[in-house]
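To start, the structure under review is shown below, and the notes come after it.
One-based numbering along the sequence shown.
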Amino acid sequence: MKESIVKIGEHVFHIKNRSFLYRDFFRHNFIHMVDDEHQAIHMTIDIMTGFGIPFLNDEVKTTKEKNKLIFERADYLIEVDQEFSHAIIHVNNDLSLKHALMNLYSCFIVHINWGLLIHSSCVVERNKAHIFTGQSGAGKSTAAQLSYPRTLLSDEATILKITGDELIVFDSPFRSEMNEKSAKESYSLGSIQLLNQSVTNRRTEVAKSDSLLLLLDKVFYWTYDPEETKNIFKLLKCVVDNVPVYDLHFQKNDAFWELIS
């Protein structure tokens with residue numbers, strides 16, 4: 001069994017990998033910590049192989065039992081205690097493992113009221129992080145690619161810490177295509193863009209009440225408890241109260257940065 005200590009955001013996880021199949025997945029995508037008996041561990045995760053079938057669709061079934069929560073998709077199964085201190089993940093392949101960890105981490109940070117995992121890319125400009133999100137096909141990955149050589153914090157799932165008026169984006173291990181790691185671990189959030197591909201560049205600020213509703217379906221989350229859903233609303237309200245949200249219509253070149261910088 002391969003064991004490792006990895007860090008996501010500000011949280012430390014003890015990974016117990018029952019197979020050597022996923023050594024490269026963890027080695028290439030995650031920050032590894034020194035195994036120190038005094039290190040505070042937020043959650044222990046056992047990785048099991050041989051579950052289900054390859055990716056079929058995004059449908060996740062959630063079940064809340066007396067002592068544990070279960071999240072099941074065709075290619076992964078998560079069992080986690082209700083304190084989010086120990087989880088067992090059964091997966092089919094690398095993609096299943098990445099999506100299962102995203103599912104688990106998203107629910108964990110909402111549960112502890114720390115922050116949100118947002119379906120988006122995120123790029124640094126002038127020491128501030130800027131999120132690009134939108135519906136499927138809106139151009140999240142395109143905006144990230146057009147922003148090179150700026151620092152990229154995510155191209156798929158942005159890790160956002162929300163504490164009062166402090167909004168911090170952390171370098172995300174949940175990448176799609178662009179795996180370059182940021183030299184700096186985190187940046188303050190400067191703005192959020194709702195993407196629309198266009199023949200002209202134009203940016204318009206969105207009203208706060210509309211922003212909250214437009215961002216709601218951009219959060220990676222699988223409902224299992226109404227109280228947790230309320231937490232998401234509270235966290236999103238804090239986001240839109242402290243950071244401007246814009247409609248960004250952009251051409252397929254980097255000229256849109258003239259509207260953001």
Side-chain angles (χ1 to χ4, degrees), residues 1-63 65 67-112 114-115 117 119 153-159 170-182 185-186 220-222 224:
M1 181 172 67
K2 174 67 175 176
E3 298 191 37
S4 56
I5 308 295
V6 304
K7 187 177 182 184
I8 308 174
E10 293 181 321
H11 309 108
V12 179
F13 298 86
H14 183 185
I15 305 294
K16 296 182 178 180
N17 190 359
R18 303 290 176 178
S19 166
F20 287 99
L21 288 175
Y22 305 123
R23 285 182 302 175
D24 289 345
F25 171 82
F26 284 104
R27 182 185 302 137
H28 294 153
N29 295 291
F30 291 83
I31 299 171
H32 287 255
M33 310 289 288
V34 175
D35 190 359
D36 181 346
E37 63 179 5
H38 301 297
Q39 175 71 58
I41 302 294
H42 294 92
M43 192 188 311
T44 299
I45 303 174
D46 286 280
I47 309 293
M48 313 295 282
T49 61
F51 179 81
I53 60 176
F55 177 77
L56 181 63
N57 56 49
D58 291 320
E59 184 177 347
V60 176
K61 178 184 176 183
T62 61
T63 306
E65 297 186 351
N67 297 316
K68 66 181 178 181
L69 306 170
I70 300 172
F71 302 87
E72 183 174 5
R73 202 171 80 172
D75 58 336
Y76 70 72
L77 174 72
I78 303 168
E79 300 173 278
V80 59
D81 62 49
Q82 296 199 31
E83 291 73 37
F84 282 86
S85 62
H86 178 241
I88 303 173
I89 297 178
H90 307 258
V91 297
N92 184 271
N93 54 31
D94 284 19
L95 181 65
S96 313
L97 179 55
K98 182 181 79 167
H99 287 182
L101 288 170
M102 289 168 59
N103 184 329
L104 181 61
Y105 185 66
S106 175
C107 292
F108 168 66
I109 60 177
V110 170
H111 178 72
I112 62 173
W114 181 89
L117 189 66
H119 191 191
L153 295 177
S154 66
D155 70 343
E156 182 176 10
T158 300
I159 298 172
F170 284 79
D171 192 27
S172 175
F174 305 119
R175 302 292 185 111
S176 177
E177 298 174 354
M178 304 173 72
N179 294 317
E180 300 85 359
K181 305 299 291 181
S182 168
E185 190 177 14
S186 63
F220 281 110
Y221 190 70
W222 295 264
Y224 65 90

Side chains of Lys7 and Ile5: does their closest heavy-atom pair fall under 4.5 Å? no

CG of Asn92 to CG of Leu97: how many Å apart, nearest 0.5 Å? 11.0 Å

If every non-hydrogen atom of Gly9 is compared with every non-hydrogen atom of Glu185, which pair is closest and at what distance? O-OE2, 3.5 Å

Any chance you could lay out the side-chain contact (heavy atoms from CB on, under 4.5 Å) test for Phe30 and Ser4, step after step, and finish with the verdict? CA-CA 10 Å; Phe30 291 83; Ser4 56; over 6 Å; no

For the side chain of Ser176 and the backbone of Glu156, is there at least one donor-acceptor N/O pair under 3.5 Å apart? no

Between Ile112 and His11, is there a side-chain heavy-atom distance shorter than 4.5 Å? yes

Do Phe174 and Leu117 have side chains that get closer than 4.5 Å, going by heavy atoms? yes

For the student: nearest non-hydrogen atoms of Tyr22 and Asn93, plus distance: OH-CA, 3.5 Å

Between Arg175 and Ser154, which heavy-atom pair has the shortest distance, and what is it? NE-CA, 4.0 Å

Take the angle between the ring planes of Phe108 and Phe84 and call it parallel below 30°, perpendicular above 60°, tilted in between. tilted

How long is the straight-line distance from OG of Ser106 back to CG of Leu101, given to the nearest 0.5 Å? 12.0 Å

Heavy-atom closest pair, residues His42 and Glu10: CE1-O, 3.7 Å

Check: Glu3 main-chain N/O paired with Asn17 side-chain donor or acceptor under 3.5 Å: no

How about Leu104 and Tyr76: do any of their side-chain heavy atoms sit closer than 4.5 Å? no

Full working for side-chain contact (heavy atoms from CB on, under 4.5 Å) between His86 and Asp46: CA-CA 8 Å; His86 178 241; Asp46 286 280; 2.7 Å; yes

Indicate yes or no: at least one non-hydrogen side-chain atom of Gln82 is less than 4.5 angstrom from one of Asn67. no

Residue pair Tyr224 / Val60, side-chain heavy-atom distance below 4.5 Å: no

Got a second to check how far Ile47's CD1 is from Thr49's OG1, nearest 0.5 Å? 10.0 Å

Just by modelled atom types, is the Asp75 backbone N or O under 3.5 Å from a matching donor or acceptor in the Ser96 side chain? yes

What distance do Phe220 atom CZ and Ile159 atom CD1 have between them, rounded to the nearest 0.5 Å? 11.0 Å

Identify the heavy atoms of Ala74 and Leu56 that sit nearest to each other, and give their distance. CB-CB, 4.0 Å

Can you tell me how the ring of Phe170 sits relative to the ring of Trp114, calling it parallel under 30°, perpendicular over 60° and tilted otherwise? tilted

Check whether any side-chain heavy atom of Thr63 lies under 4.5 Å from a side-chain heavy atom of Lys68, and answer yes or no. no

Sub-3.5 Å donor-acceptor pair from the side chain of His28 to the main-chain atoms of Asp24, do we have one? yes

Closest non-hydrogen atom pair between Ala100 and Ile89, with its separation: CB-CG2, 3.7 Å

Measuring from Arg73:CZ to Ile53:CD1, what's the distance to the nearest 0.5 Å? 10.5 Å

Would His90 and Glu79 satisfy side-chain hydrogen bond (donor to acceptor under 3.5 Å, both in side chains), going step by step from the backbone distance to the final call? CA-CA 9 Å; His90 307 258; Glu79 300 173 278; 3.2 Å; yes

Can you tell me how far apart CG (Leu69) and CH2 (Trp222) are? Round to the nearest 0.5 Å. 14.0 Å

Closer than 3.5 angstrom, by distance alone: can the side chain of Tyr105 be matched with the main-chain N or O of Ile8 as a donor-acceptor pair? yes

For Leu77, which of Glu72, Lys61, Met48 qualifies under side-chain contact (heavy atoms from CB on, under 4.5 Å)? Glu72

